[in-house]
J.: 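Next up is a structure, given as structure tokens.
Letters A, B, ... mirror the listed sequences (proteins, then strands); counts begin at 1.
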Amino acid sequence: MKSLPAQVMTTSKALVFDIKRFAIHDGEGLRTTVFLKGCPLRCRWCQNPEGLLPKRQPMYMSSRCIHCQLCARFIQYQDRPLLEEGEAMDLAIADCPAEALRYDSTYYSVEELIEKIKEDAPFYKYGGGVTFSGGEPLLQWRVLASLLKECQKAGIHTAIESSLYSTHLQDVMPHLDFIYCDLKLYDAQKHLQATGVDNALILENIKTLLHSPMRERMIVRTPLIPGYTATDENIAAIAQFLVNEYPDVTYELLNYNPLASAKYEWTSFTYGLDPKTKALSQEEMEHFRLIARKQGLKNVL
Amino acid sequence: MMQTPRIQHLKARMFEEKRYASIEQARIITKVYQAHESDSIPKKRALALKASLEEIAIGFDREELIVGNRTKGVRAGVVFPESGSAWVNREFETLPSRPQDRFAIREEDIQEFREKIYPYWHHRSLEDAIYGSYGDEIASIAKVVKINQKDHAQGHICPDVAMWLQKGPALLKQEAEDHLQTCDDAQKEFYECMIITLEGAMHFMQRYHDLIMASDPDDDLKKVAENCLALSQRPAESFHEALQSLWFLFVILQMESNASSFSPGRADRYLYPYYEKDIKAGILTKEEALELIECLFLKFNQIVYMRNQNSAKYFAGFPIGFNIAVGGVDENGQDTYNELSLLLLDAQYDLGLPQPNLSVRLNKHSSSTLMQRAIEVVAKGSGMPQFFNDEAIMKTMVEELGVDVQDAYNYAIVGCVELTTQGNNLGWSDAAMFNLNKALELTLNHGIDLLTGEKMGPDYGGLDTYASYEDLEHAFAQMIDYYIIQMMKAEEVVEAAHQKYLPTAFLSCVINDCMDKGIDVTAGGAHYNFSGIQMIQVANLADSLAVLKDLVYDKKKIAPQEMLAALQANFEGYEIIHTMVEHKVPKYGNDVAWVDHLGAQWCRYFRAQLRHYQNPRGGLYHTGMYTVSAHVPMGENVGASPDGRKAREPLADGGLSAVYGRDLQGPTALLKSVSRMDNNLTTNGGLLNMKFLPSFFATQAGRDNFERFLRVFVDLEIPHIQFNVVNREDLLDAKAHPERHRSLTIRVAGYTAYFVELAGKLQDEIIARTSYDHI
């Protein structure tokens with residue numbers, strides 16, 4: 001691991017592209033999931049393409065637009081508003097009656113975001129908490145560490161969903177109650193092709209976790225993407241890797257969700273999969289679970 | 001559990017039978033009145049009930065273990081002349097074709113009704129008295145205040161079933177006779193009337209015995225007959241007898257009043273001693289008990305209540321309100337439930353029918369066992385059980401209504417969601433509905449109805465004259481005050497007419513303290529006497545006021561005159577304004593405190609103003625926040641509103657719910673918003689509707705999350721919550737192919753109805769409500 005900066009910057013703001021209350025699929029209990037913007041990976045099947053770029057951008061949703069052209073008083077308009085950042089855009093967004101013009105994300109100070117997270121505090125009493133997802137939450141590791149610390153102070157259970165493609169895992173670990181991490185492809189070359197990054201750092205981080213007390217409070221997950229991760233060899237290789245480190249780790253296989261392709265319309269990215277790709281059947285899911293179990297993994301979900 | 005062959009048979013039979021309008025009891029009542037012209041109305045009423053109990057045609061099914069009904073056919077719409085037949089005269093021919101709650105008719109009935117029954121009752125009924133003396137006034141305020149109980153008895157009452165089981169008609173008759181010996185002359189007639197009706201009740205039970213015994217009964221049926229005979233002479237002893245006794249009570253109450261919502265209350269509490277005794281004695285198994293309960297539940301579905309066409313819109317789909325509450329706290333305030341609580345839930349799980357209206361009382365210490373069983377029933381999709389919150393209700397009952405702590409611990413629910421003490425309370429919970437949104441409309445538009453352009457109420461100004469939001473608030477307060485005064489005048493008239501025309505001697509036998517005081521329940525004989533007014537509808541009101549405060553007066557994004565012009569034009573030609581009000585102001589139900597408080601503030605004001613009045617029985621007026629199905633017709637009465645709602649569109653459903661499609665932050669945010677309504681605003685009942693997809697309940701993890709959600713509902717002290725668990729696709733299919741979905745039940749608002757029996761507009765409205773899976 002590289003050396004770490006001594007101080008954590010608490011003054012920086014978090015860039016958030018969504019906050020989902022009543023989240024029931026991102027951890028134990030009724031949770032609030034905060035989606036932090038920006039991700040170093042470019043997975044072809046990315047489910048949250050609106051969270052890829054690490055900056056705030058104006059966006060235009062034509063389906064909401066009523067073509068009143070109130071925005072044309074501030075910004076250029078040629079059949080549709082032209083998206084350029086600046087004060088003029090701020091004014092146009094403030095006046096758009098349909099919220100067809102908007103920013104794709106919001107800057108929150110730590111205090112503001114904690115306030116927001118606490119709105120569902122009555123629900124956290126029964127096993128819920130906050131989950132930071134993304135994008136890749138560790139990309140904003142400084143502010144993430146501050147947020148986690150504040151949550152811990154307030155007694156709120158904390159979790160992250162991460163690709164673990166980061167050199168700053170250690171900065172947040174002390175403040176984490178739970179980690180969901182992905183291991184998408186074991187083969188380095190294939191990983192690079194499908195996600196745009198090498199998986200050595202990810203494997204290294206998972207190893208570290210599996211030899212720390214966190215190993216009881218983590219789930220390693222593989223999204224089953226037809227044609228990419230959903231192969232017998234890949235699941236067997238991942239399972240073998242995990243068994244060698246810690247066979248009791250919880251390993252979860254996630255089914256492919258075909259609905260994400262619709263989100264790409266509002267982004268500059270193109271979906272890397274055939275939009276006709278279908279989710280796996282229950283039988284297929286069980287087939288892959290069986291492969292993982294055969295390698296010696298004891299807790300396969 | 002599985003339905004037994006007996007239950008399957010009885011359920012199928014019930015669906016096969018056609019629903020008819022029936023004039024049989026009207027014929028008997030008319031005959032008695034004509035034969036006793038010189039007697040007082042209370043005496044005639046008592047004699048008419050007795051004659052009905054003795055003469056009406058009765059029947060039974062050979063598979064039934066619980067018998068009795070008020071007509072031979074099931075689900076008959078009973079014409080009841082004492083309360084009102086003018087509407088029947090007007091609407092008889094349209095009963096089979098009207099949009100909501102249809103009944104088949106027989107030609108010969110129409111003729112007999114027109115020739116022999118209606119002519120006698122013209123100017124003699126409750127309805128005629130109210131409309132004759134005050135009809136114009138009631139009609140003139142109807143768009144703001146809907147006065148209820150104008151052509152039928154009030155119902156909405158929870159009799160003392162425990163006492164009825166312990167005494168039965170014979171011992172009650174003895175008590176009335178004892179009082180008759182010692183009472184004042186003025187009270188003699190009251191006790192005589194009680195005795196007459198109790199004799200009728202005894203005879204009614206015996207008739208079932210005689211009829212069954214004359215039909216070559218098998219052993220099961222013989223037992224049923226023996227139960228009937230025994231109950232006509234002595235209190236219930238076995239569990240089976242207790243259920244039969246309970247059912248007779250409710251049949252007779254219906255025959256006396258023909259009203260909505262006589263509710264059994266906490267059946268798991270008062271039936272348990274009978275159950276426990278029989279189980280211990282080895283004469284009853286759990287399976288037998290469940291089958292008996294299911295037989296009783298089927299009976300609850302065999303009585304419907306025929307309303308006039310307009311009323312059927314407000315109370316669509318026969319909410320008859322046999323409300324049973326399970327769980328809750330015991331006499332020491334400690335959480336309680338028993339095996340019967342679970343069996344009652346099991347029966348609902350098996351049958352999934354609209355009645356009884358099953359409720360579960362929750363508190364901070366509710367057992368996970370009871371909750372998980374209840375959640376499994378919720379997941380089945382009949383919209384039941386609904387949940388009530390002891391933490392929100394009991395303390396407020398004591399502090400706000402002056403109810404004794406013991407009575408508050410023992411609270412039950414009548415009808416849909418109306419809160420009551422058990423066995424000692426005429427809550428008159430459905431007195432009126434007050435449309436706060438129409439009152440706001442008149443405030444914004446100089447007292448002129450936006451829909452017709454006609455002057456309707458007082459002119460305190462308009463959006464074009466109010467210089468500030470405070471000015472507007474001041475005028476709104478005046479408008480509310482004005483209509484409260486009009487409402488109170490009408491309530492006086494209605495209650496006086498009930499006292500005069502619909503005294504209820506039999507009901508008075510099972511409501512404490514009527515027997516001791518010698519006063520009929522309609523005249524204030526009950527221990528508690530409340531009147532409940534519903535505030536309609538906080539969600540639209542909060543949303544409208546948020547737009548006015550924020551966009552119009554604070555930020556001045558829309559000029560007040562322009563806003564008024566937009567409303568007058570139903571937003572046509574005002575697309576930008578319409579889009580702004582929809583998107584640029586937060587809405588109720590999203591955990592935005594200042595918006596929620598705007599709504600709560602006016603409900604508080606309304607409630608405070610009501611407290612200046614006393615009802616004709618000497619009791620308090622209090623408030624509820626529920627609509628039954630009235631959000632649709634009440635919306636039809638309101639023009640375009642500042643929240644962006646177009647003219648005549650429905651208001652928010654439920655009572656505490658957000659406007660559909662506007663609660664975008666999910667169910668936890670909605671609960672937080674609703675929790676900003678003070679508990680004392682809903683002492684008459686509140687209603688929060690939510691829709692979940694079935695997939696939410698598919699796993700134990702999902703059901704555990706649902707339990708957590710309910711526990712927070714308890715912590716947040718929200719009085720009520722109920723769930724529709726159904727796929728949108730299923731509803732669309734049921735609308736298109738009703739024949740395939742005859743038994744599909746859906747939560748309307750505080751009650752469950754058959755979806756295919758609802759009018760198309762209400763079906764659409766239910767389909768449109770927000771639903772949650774994972775958002």
J.: Could you tell me whether the side chain of B:Lys557 reaches within less than 4.5 Å of the side chain of A:Asp95, counting heavy atoms only?
T.: yes
J.: Measure across B:His583 and A:Ala98 and return the closest heavy-atom pair with its distance rounded to 0.1 Å.
T.: CD2-CA, 3.7 Å
J.: Calculate, to the nearest 0.5 Å, the distance between atoms CZ and CG belonging to B:Arg708 and A:Leu30 respectively.
T.: 6.5 Å
J.: What part of B:Ile577 is in contact with chain A, defined as an atom under 4.5 angstrom from a non-hydrogen atom: side chain, backbone, both or neither?
T.: neither
J.: Got a second to check how far A:Arg21's CZ is from B:Leu664's CG, nearest 0.5 Å?
T.: 12.0 Å
J.: What do you reckon, are the aromatic ring centroids of A:Tyr126 and B:Phe706 less than 6.0 Å apart?
T.: no
J.: With a sphere of 6.0 Å drawn around CD of A:Glu87, does it hold more than 12 non-hydrogen atoms of other residues, nucleotides or ligands?
T.: no
J.: Tell me, yes or no, whether the heavy-atom count around A:Glu115 atom CD, taken from other residues, nucleotides or ligands under 6.0 Å, exceeds 12.
T.: no
J.: Any ion pair linking A:Asp120 and B:Lys672 (charged N to carboxylate O, less than 4.0 Å)?
T.: no
J.: So with a 6.0 Å cut-off around NZ of B:Lys364, is the heavy-atom count from everything else above 12?
T.: yes
J.: Heavy-atom distance under 4.5 Å to chain A: side chain of B:Glu582, backbone, both or neither?
T.: neither
J.: Taking side chain as C-beta onward, heavy atoms only, is A:Glu99 less than 4.5 Å from B:Thr579?
T.: no
J.: Taking all heavy atoms of B:Val712 and all of A:Pro122, pick out the closest pair and write down the distance.
T.: CG2-O, 3.5 Å
J.: If you look at every heavy atom in A:Ile93 and B:Lys584, which pair is closest and at what distance?
T.: O-NZ, 3.5 Å
J.: Looking at CZ of A:Arg31 and CG of B:Asn705, how far apart are the two atoms once the value is rounded to the nearest 0.5 Å?
T.: 10.5 Å
J.: Please determine whether the number of non-hydrogen atoms from other residues, nucleotides or ligands lying under 6.0 Å from atom CG of B:Asp554 exceeds 12.
T.: yes
J.: Can you give me the closest heavy-atom contact between A:Lys125 and B:Asp715, atom names plus distance?
T.: NZ-OD2, 3.1 Å
J.: Taking atom CD of A:Glu119 and atom CG of B:Asn590, what is their separation to the nearest 0.5 Å?
T.: 10.5 Å
J.: So B:Phe709 and A:Phe123, would you call those rings parallel, tilted or perpendicular, with 30° and 60° as cut-offs?
T.: parallel
